[in-house]
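Quick notes on the structure that follows.
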Amino acid sequence: MANSATTNISIRMDADLKAKADALFSEFGMSLSTAFNIFVRQSLREGKIPFDISLNKPNKETIAAMLEGEKIAKDPSVKGYTDLDELFADLKA
C-alpha cells in the first residue's frame with residue numbers, strides 16, 4: 001500500500017472534540033489523520049467497526065440497584081433528609 005495514491009477527505013467534527021482527539025493522538029505520536037487511517041484499516045481487516053457500539057444501557061445489577069433505590073425513596077418508613085449535617089450525624093451514630 002505504500003505506493004497507493006492518496007486522496008483527501010473532509011470530515012465535520014465539533015471543534016472541542018477535534019482538539020481533544022488531536023491532544024490524545026499526539027500523546028500516541030500520531031496525527032488525527034493517522035488515527036483515522038488506523039481505524040479504517042482495522043475496520044476493513046475485521047469487516048466491522050472495530051469496537052462495540054452501544055446505547056450504554058445499564059446491566060441487570062445496575063437496573064436492580066436503581067429499582068431498589070426507587071423503592072427506598074418511596075417507602076414512607078425510611079427516614080429522609082433535607083439537611084446534610086443531620087444525615088452525616090446519623091451516619092456517624
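On a predicted model such as this, the values are computed, not experimentally measured, just so you know.
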Grouping I, L, V, M, F, W and Y whenever their side-chain heavy atoms are under 4.5 Å apart, do [X] and [Y] come out in a common cluster?
X     : Y     : result
Tyr81 : Leu91 : yes
Phe28 : Val40 : no
Ile53 : Ile11 : yes
Leu44 : Ile38 : no
Leu17 : Phe36 : no

Nearest-0.5 Å distance, CE of residue Met30 to CG of residue Leu32: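 It comes to 10.5 Å.
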
CG/Asp22 to CD/Glu27 distance, rounded to the nearest 0.5 angstrom? 12.0 Å

Sequence neighbours excluded, which residues qualify as side-chain hydrogen bond (donor to acceptor under 3.5 Å, both in side chains) partners of [X]?
X     : result
Ser31 : Thr34
Ser33 : none
Ser77 : Asp75
Lys79 : Glu86, Asp90

Excluding sequence neighbours, so at least two apart, what forms side-chain contact (heavy atoms from CB on, under 4.5 Å) with Asp85? Asp83

Does Leu67 sit in a hydrophobic cluster with other residues, and if so which ones, taking ILVMFWY side chains as linked at heavy-atom separations under 4.5 Å, directly or through other members?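 Reading the cluster by chain and number, Leu67 sits alongside Ile63.
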
Close side-chain approach of Phe51 to Phe39, heavy-atom, < 4.5 Å: yes

Any side-chain heavy atom of Asn56 within less than 4.5 Å of one from Ser54?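 When only atoms from C-beta onward are counted, Ser54 and Asn56 do touch, with a gap below 4.5 Å.
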
Inspect the contact between Lys20 and Asp16 and indicate whether a charged nitrogen and a carboxylate oxygen are less than 4.0 angstrom apart. yes

